[in-house]
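These numbers come from a predicted model, not from an experiment.
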Amino acid sequence: MKEIITAQRNFFNTHATKNLHFRRKQLKILQQALEKNESLLHEAIYRDFKKSEFDNYTTELSLLYKDIKEARSNIFKWARTKPVSISILNFPASSYIIPEPLGVCLVIGAWNYPYQLSFAPVIAAIAAGNTVILKPSELPSNTAAAMAKIVKENFDPAYFTVVEGGVEEIQELLKQKFDKIFFTGSTKVGKIVYKAAAENLTPVTLELGGKSPAIVTENCNLKVSVRRLVWGKFLNAGQTCIAPDYVLVHKSIEQKFLERAKEEIISQHFAFENDNYLQIINDDNFERLTKMLVPEKIYYGGQTHKETRYIQPTIMQNVTMDDAVMKEEIFGPILPVLTYETIEEAIAKVNSLPKPLSCYLFTKSSSIKKKILKEISFGGGAINETVMHISNSNLPFGGVGQSGIGNYHGEAGFKAFTHYKSVMDKPTWLDPSIRYYPHTPFRLKLMRWFLKF
Ligand code: NAD
């Protein structure tokens with residue numbers, strides 16, 4: 001580990017990565033490598049948890065291609081030195097901000113969107129001019145191996161490399177000094193990473209999880225709302241950090257909501273026999289999820305199959321905040337439905353839990369929309385939609401409180417891997433003595449006047 005980091009630090013110190021053409025070229029190399037290896041990437045992810053080519057393209061690779069394209073087109077704008085105004089006190093100086101890369105960065109990925117969550121931060125790090133060590137999640141072992149192979153074939157490890165392995169390897173990595181750590185994963189492991197980073201005062205971005213609510217009011221467009229909600233929930237078999245974790249539906253439409261949700265699951269064909277639906281990533285998660293199922297509360301679904309790690313898309317009704325399914329992030333295909341009678345009650349329920357990564361509201365009421373946006377704190381979210389806010393790279397993506405620190409995507413990603421160096425640049429032809437000692441009442445008077453501007 002030490003050798004890799006030293007090699008990367010030496011390479012960073014050559015200043016080669018500060019050249020914007022160099023960065024654009026590296027992004028192009030990554031794009032071509034991904035394109036060339038699409039079938040390898042598809043096969044690996046299918047073997048890991050039965051993710052289809054359609055889902056792999058739409059929720060992983062296409063987002064990476066878009067990120068690369070956007071970074072390549074905007075890099076000159078994002079990396080530009082930006083002049084800022086000065087006060088009269090500093091006349092005739094100029095002031096400017098120089099975006100500079102941080103140095104050697106560690107990116108730790110989560111397993112649920114293994115390509116996207118590993119390479120998207122890498123793209124941002126490269127665009128910002130850093131060197132990168134990527135540690136993908138070890139759970140989907142085939143995708144981790146595919147990424148390691150592709151990176152090894154296309155990049156000098158002194159610039160960008162993949163370290164495979166599990167907890168032991170990460171712990172070893174975390175003992176080293178980095179200039180930035182970008183972590184995606186659970187809040188529990190986020191705390192471990194944050195503590196390790198504190199030893200070296202390394203800046204971090206922590207992309208964590210949480211229980212993201214969906215609030216459905218009585219005056220929403222129920223058909224479209226449920227369709228979008230069911231899609232966002234059962235996409236990736238519910239193993240999505242921004243999936244609606246639970247639904248708060250107005251009591252008056254509870255039955256209609258449940259019926260429609262069931263119809264939607266059936267009509268969107270979330271079934272194991274086809275490739276619309278995924279496996280649970282491993283046995284531990286399968287066990288964890290099946291423990292949340294309470295037979296008498298299952299409205300629809302509930303079938304499980306241990307050998308194939310299959311959990312049928314499941315709707316639970318009459319759920320309360322005391323049920324096991326409400327005690328932790330679900331991260332699987334179980335949708336608990338809770339009810340509320342006043343919007344204040346719904347808000348209070350959401351606010352009784354840690355600040356979520358996402359929040360979704362389905363309503364036609366602009367006053368409720370305003371109230372929710374004002375009274376619930378969340379990382380990012382959507383009105384009358386789920387998940388899709390992630391696809392707009394103009395929206396910084398990240399959590400708040402327990403759901404994360406910092407954000408990325410688009411220019412926000414560039415900023416996450418950049419230090420903004422502030423400089424005042426002064427000529428010497430004018431040097432008024434007003435600020436120098438000895439001070440006099442007259443100088444103080446002048447100062448009082450100057451400092452107004
Ligand atoms: P995880 O925290 O178990 O693992 C994430 C990474 O941490 C992996 O690379 C893993 O190898 C490493 N790790 C695991 N245990 C560790 C330890 N003791 N010390 C150091 N490193 C360790 O998370 P996960 O299971 O991969 O992903 C699920 C979680 O991630 C969910 O909470 C989900 O909401 C969250 N998530 C967040 C985002 C986001 O963008 N905010 C995206 C995807 C997943």
Is the backbone of E341 close enough, under 3.5 Å, to the side chain of H250 for a donor and an acceptor to pair up by distance?
yes
Taking C-beta and beyond as the side chain, do Y113 and T143 meet within less than 4.5 Å on heavy atoms?
no
Using 30° and 60° as the class boundaries, would you call the ring planes of F22 and Y159 parallel, tilted or perpendicular?
perpendicular
Note: I265 and F234 closest approach over all heavy atoms is CD1-CE1, 3.7 Å
Answer yes or no: is there a donor N or O on one side and an acceptor on the other, between the side chain of K135 and the main chain of G165, under 3.5 Å?
yes
Does K149 pair with E153 as a salt bridge, N-O distance under 4.0 Å?
yes
Please report the interatomic distance CD1(I29) to CD1(I126), rounded to the nearest 0.5 Å.
9.0 Å
Evaluation steps, side-chain contact (heavy atoms from CB on, under 4.5 Å), between V337 and Y299
CA-CA 10 Å; V337 178; Y299 172 79; over 6 Å; no
So does K152 have more than 12 non-hydrogen atoms from other groups sitting under 6.0 Å from NZ?
no
Taking atom NE2 of H409 and atom OG of S393, what is their separation to the nearest 0.5 Å?
8.5 Å
According to the interplanar angle, ranging from 0 to 90°, do the rings of Y310 and Y277 count as parallel (below 30°), tilted (30 to 60°) or perpendicular (above 60°)?
perpendicular
Angle class for the F49/W111 ring planes (parallel below 30°, perpendicular above 60°, tilted otherwise)?
perpendicular
Are the side chains of P336 and K211 in contact, using a 4.5 Å heavy-atom criterion?
no
Among side-chain atoms of N13 and N10, is any donor-acceptor pair under 3.5 angstrom?
no
Name the orientation class of the two ring planes belonging to F397 and Y408 (parallel below 30°, tilted from 30 to 60°, perpendicular beyond 60°).
perpendicular
More than 12 heavy atoms of other residues, nucleotides or ligands under 6.0 Å from NZ of K18: yes or no?
yes
For K25, does the NZ atom have more than 12 heavy-atom neighbours from other residues, nucleotides or ligands under 6.0 Å away?
no
For residues E53 and D55, determine if any side-chain heavy atom of one lies less than 4.5 Å from a side-chain heavy atom of the other.
no
Closest non-hydrogen contact found for H389 with S358 is NE2-OG, 3.5 Å
Can you tell me how far apart CD1 (I181) and CG (L173) are? Round to the nearest 0.5 Å.
9.0 Å
More than 12 heavy atoms of other residues, nucleotides or ligands under 6.0 Å from NZ of K369: yes or no?
no
Which atom pair, heavy atoms only, marks the closest approach of P356 to V400?
O-CG1, 4.2 Å
Contact between K82 and Y96 at the side-chain level, heavy atoms closer than 4.5 Å - yes or no?
no
Is a side-chain N or O of K233 found less than 3.5 angstrom from the main chain of I334, in a donor-acceptor match?
yes
Between D323 (side chain only) and V325 (backbone N and O only), is there a donor and an acceptor less than 3.5 Å apart?
no
If we ignore hydrogens and angles and just use 3.5 Å, is the side chain of Q176 paired with the main-chain N or O of E172 as donor and acceptor?
yes
One thing to verify: whether K371 and E344 come together as a salt bridge, which I'm taking to mean a side-chain N less than 4.0 angstrom from a carboxylate O.
yes
Do the non-hydrogen side-chain atoms of V204 and F183 ever get within less than 4.5 Å of each other?
no
Between CD1 on residue I280 and CD1 on residue I311, distance to nearest 0.5 Å
4.5 Å
Hey, could you give me the NZ/OG1 distance between K415 and T205, rounded to the nearest 0.5 Å?
13.0 Å
Within this structure, what is the NZ-CG distance for the pair K69 and L27, rounded to the nearest 0.5 Å?
14.0 Å
Kindly check if the number of other-residue, nucleotide or ligand heavy atoms within 6.0 Å of NZ (K50) is above 12?
yes
Inspect the surroundings of CZ in F54 and state if more than 12 heavy atoms from other residues, nucleotides or ligands are less than 6.0 Å away.
no
Backbone of E164 reached by a side-chain donor or acceptor of E169 within 3.5 Å:
no
Test item: R228 and Y360 side chains (from C-beta on) under 4.5 Å apart, heavy atoms
no
Are more than 12 heavy atoms, taken from residues, nucleotides or ligands other than K426, located less than 6.0 Å from that residue's NZ atom?
yes
Please check if atom OH in Y194 has more than 12 non-hydrogen atoms from other residues, nucleotides or ligands closer than 6.0 Å.
no
Using a strict cut-off of less than 4.0 Å between a Lys/Arg side-chain nitrogen and an Asp/Glu carboxylate oxygen, indicate whether E287 and K291 qualify as a salt bridge.
no
With N56 as reference, evaluate H42, E38, K51, E43 under the side chain to side chain donor-acceptor pair (under 3.5 Å) test and give the passing residue.
H42
Does S403 use its side chain to pair, donor to acceptor, with the backbone of G401 at less than 3.5 Å?
no
Counting N and O atoms only, with roles assigned by atom type, does the side chain of N130 sit under 3.5 Å from a partner on the main chain of V132, one being a donor and the other an acceptor?
no
Main-chain N/O of M321 paired to K327 side chain as donor or acceptor, under 3.5 Å
yes
Please examine the side chains of N154 and L30, heavy atoms only from C-beta on, and report whether any two atoms are closer than 4.5 Å.
no
Decide yes or no for V189 and I170: does some side-chain heavy atom of the first lie under 4.5 Å from some side-chain heavy atom of the second?
no
